[in-house]
Amino acid sequence: MATGALHSGTSELRVAGRAQAVPSGLATIQSILKPLASLKLTVTLFSLAIVLILAGTLAQARHDIWWVLHNYFRTPLAWIELKTFFPPAWFSQYPALLNLPGSIPFPGGFTIGGLMAVNLLAAHGLRFKVQSRGTRLWTGVGVIIVGCLVTWLVIVAGPDKDGSQASSPIQWLTLWKIFLGGLACACVGIAWTLFQIDASRKLERGVLIGIGTALLALLAFLLFHVDPSGLNPSAMRILWQLLKAEAAAGILLVGCILVFRKRAGIVLLHAGVALIMANELVVHFLHKEEQMTVAEGRTVNYAADIRQIELAIIDKNASATEDDVTIVPERLLQESLLDQKPVADAKQQLPFDVRMLNYYENSNLVRAAEGEKNPADAGAGVKWLILPERPLTGSDAGEKVNLPAAYVQ
């Protein structure tokens with residue numbers, strides 16, 4: 001038996017049956033990453049995500065999809081109402097459950113997604129090593145860079161100048177034949193692989209047989225039951241986009257195979273998941289969805305967010321050419337309604353106080369009958385009454401939106 005001593009600046013790491021001296025700094029980093037890269041943490045986070053998705057889906061029985069999106073998925077902490085787990089369609093005979101008070105704190109989408117990203121990066125830092133050296137390594141890196149550029153070009157070239165999906169530079173019929181040829185080549189490739197795989201690898205052979213059978217059935221259906229002369233241009237544009245995306249993914253896969261060998265597929269899949277998570281952050285922080293409604297024969301120079309409300313007070317006599325518009329945002333209006341006090345700091349911008357008396361998330365306007373009690377005593381509200389409506393939810397059919405209304409003093 002041989003004995004020896006390690007210097008204080010190193011620690012022992014066993015790799016592939018032999019001991020290696022690792023610098024203490026690297027050993028410290030590895031000890032930190034190990035619990036973060038735990039598979040138990042991965043399973044736990046996926047379980048939490050499943051529960052959050054279930055709660056968010058059930059919550060759409062009472063709230064619209066945008067409310068659920070911002071209060072469940074785009075937040076660090078979600079407060080899940082207990083009555084969420086008792087949707088009206090299933091528990092209509094139990095009123096006590098439908099109005100069950102209270103809520104429970106739960107990790108929101110940002111928390112779960114952020115921890116998933118940390119877990120993924122830590123796992124790659126510990127377990128996924130570059131498997132190539134020399135020319136093979138640099139060739140793989142070059143192919144990955146080319147794949148990234150092709151992916152970027154596919155994204156940039158997506159829509160036409162008019163906003164529609166891009167048209168193919170080749171005729172749709174030719175594109176359809178190329179697609180069918182690709183399916184046929186895939187079936188032949190799977191058949192060839194089956195002959196090369198050892199008979200003892202039953203799991204791999206079973207998976208390939210299942211995929212090959214499905215692709216062959218799809219090819220037969222498309223050949224004998226689809227008339228290429230009646231191809232829908234919209235569907236073919238989508239097919240063209242998918243084929244370009246698959247070409248970019250194929251280039252990236254080749255590069256990953258050169259660099260990571262057998263782990264190439266996992267690395268590429270994880271990179272795709274990371275991009276999806278990053279895209280969600282970009283959409284949340286940088287994108288803003290608005291609508292522009294233009295009546296026939298008129299012009300419009302603004303877009304509106306139908307999910308937010310504000311009170312616009314217009315002074316038409318401020319100028320001969322322009323109106324003076326003061327906006328009171330929803331947050332201040334809601335605070336006024338809650339406190340039953342005038343909007344804070346309104347007099348700094350307006351010569352009068354503003355106070356919200358009643359607010360209706362969804363409503364309809366009806367003609368006020370003569371002599372009928374009316375909360376409004378000025379403006380258009382003298383002739384109209386607000387009829388409260390049930391707020392729309394994510395489970396409602398159609399494309400209707402809430403029409404909020406309020407009585408303001």
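Using a 4.0 Å cut-off between a side-chain N of Lys or Arg and a carboxylate O of Asp or Glu, Lys288 and Glu290 qualify as a salt bridge. Look at Arg74 and Glu280 and you find a salt bridge, because one of the NZ, NE, NH1 or NH2 atoms lies within 4.0 Å of a carboxylate O, short of that distance.
Side-chain atoms of Thr111 do not come within 3.5 Å of backbone N or O of Pro107 as any donor-acceptor pair. A donor-acceptor pair under 3.5 Å links the side-chain atoms of Thr42 to the main chain of Ser38, judged by distance alone. Formation of a donor-acceptor pair under 3.5 Å by the Ser336 side chain with backbone atoms of Met356 is found in this model. Checked by atom type and distance alone, the side chain of Arg205 pairs as donor or acceptor with a backbone atom of Ile197 at under 3.5 Å. Using a distance-only test at 3.5 Å, with no hydrogens or angles considered, no donor-acceptor pair links the side chain of Arg367 to the main chain of Trp384. In this structure a side-chain-to-backbone donor-acceptor pair under 3.5 Å is missing from Thr75 to Asn71. Within the 3.5 Å criterion, the main-chain N or O of Leu403 finds a donor-acceptor partner in the side chain of Asn362. In this structure, Thr193 contributes its side chain and Gly189 its backbone to a donor-acceptor pair below 3.5 Å. Between the side chain of Asp64 and the main chain of Gln60, no donor-acceptor pair closer than 3.5 Å is present. Using modelled atom types, no side-chain atom of Arg355 and backbone atom of Val343 make a donor-acceptor pair closer than 3.5 Å.
Here the straight-line distance linking atom CD1 of Ile257 with atom CZ of Arg136 works out to 8.5 Å at 0.5 Å rounding. The distance from the CG atom of Leu82 to the OG atom of Ser103 is 7.0 Å, given to the nearest 0.5 Å. For the atom pair SG (Cys185) and CG (Leu219), the distance works out to 10.0 Å, reported to the nearest 0.5 Å. Between the CG atom in Leu281 and the CD1 atom in Ile276 there is a gap of 12.5 Å [rounded to 0.5 Å]. In this structure, Lys202 NZ and Ile209 CD1 are separated by 12.0 Å, a value rounded to the nearest 0.5 Å. Distance check, rounded to the nearest 0.5 Å: CD1 of Ile112 to CG of Leu52 gives 5.0 Å.
Results of the side-chain contact (heavy atoms from CB on, under 4.5 Å) test with Ile190 over Val207, Leu216, Leu208 single out Leu208 as the only residue that passes. None of Ile309, Leu311, Val408 except one satisfies the side-chain contact (heavy atoms from CB on, under 4.5 Å) rule with Val328; the exception is Leu311.
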Next item on the list: Let me see the working for Phe73 and Ile53 under side-chain contact (heavy atoms from CB on, under 4.5 Å), right down to the final yes or no.
Entry: CA-CA 8 Å; Phe73 301 109; Ile53 292 172; 4.2 Å; yes
Notebook entry, point to check: Please walk me through it: do Leu337 and Leu333 pass side-chain contact (heavy atoms from CB on, under 4.5 Å)?
Noted result: CA-CA 6 Å; Leu337 180 63; Leu333 293 173; over 6 Å; no
Check: Which is it for Leu222 and Leu180 under the side-chain contact (heavy atoms from CB on, under 4.5 Å) test, yes or no, and what are the steps along the way?
Finding: CA-CA 8 Å; Leu222 296 177; Leu180 295 179; 3.8 Å; yes
Checklist line | Residues Leu252, Cys148; criterion side-chain contact (heavy atoms from CB on, under 4.5 Å); working and verdict | finding: CA-CA 7 Å; Leu252 289 170; Cys148 292; 4.1 Å; yes
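The two residues Leu268 and Ala249 have their closest heavy-atom pair at CD2-O, 4.0 Å. Pairing each heavy atom of Ser363 with each of Pro404, the nearest pair is OG-C, 4.0 Å. Contact between Pro35 and Leu41 at its shortest, heavy atoms only, is O-CD2, 4.1 Å. Contact record, Gly56 with Val68: O-CG1, 3.4 Å, taken as the closest heavy-atom pair. Closest non-hydrogen pair, Leu58 versus Pro87, comes out as CD2-CG, 4.2 Å. What you find for Phe85 and Phe91 is that their closest heavy atoms are O-CE1, 3.9 Å.
Phe179 and Trp176 have their aromatic ring centers within a separation under 6.0 angstrom.
Shown here is Ile65, whose CD1 atom has no more than 12 heavy atoms of other residues, nucleotides or ligands within 6.0 Å. The environment of CD in Gln340 is crowded: more than 12 heavy-atom neighbours from other residues, nucleotides or ligands sit within 6.0 Å. Within 6.0 Å of the CZ atom in Arg298, the count of heavy atoms belonging to other residues, nucleotides or ligands does not exceed 12. Atom CD of Glu389 has more than 12 heavy atoms from other residues, nucleotides or ligands within 6.0 Å. Heavy-atom contacts from other residues, nucleotides or ligands closer than 6.0 Å to OH of Tyr302 number 12 or fewer. Glu296 CD: 12 or fewer foreign heavy atoms inside a 6.0 Å radius.
Aromatic ring pairs are classed by plane angle as parallel below 30°, tilted from 30° to 60° and perpendicular above 60°; the pair His70 and His284 is tilted. Classified by interplanar angle (parallel below 30°, tilted 30° to 60°, perpendicular above 60°), the ring pair Phe110/Phe285 is parallel.
For the pair Pro329/Leu332, a side-chain contact is recorded, criterion being any heavy-atom separation below 4.5 Å from C-beta on.
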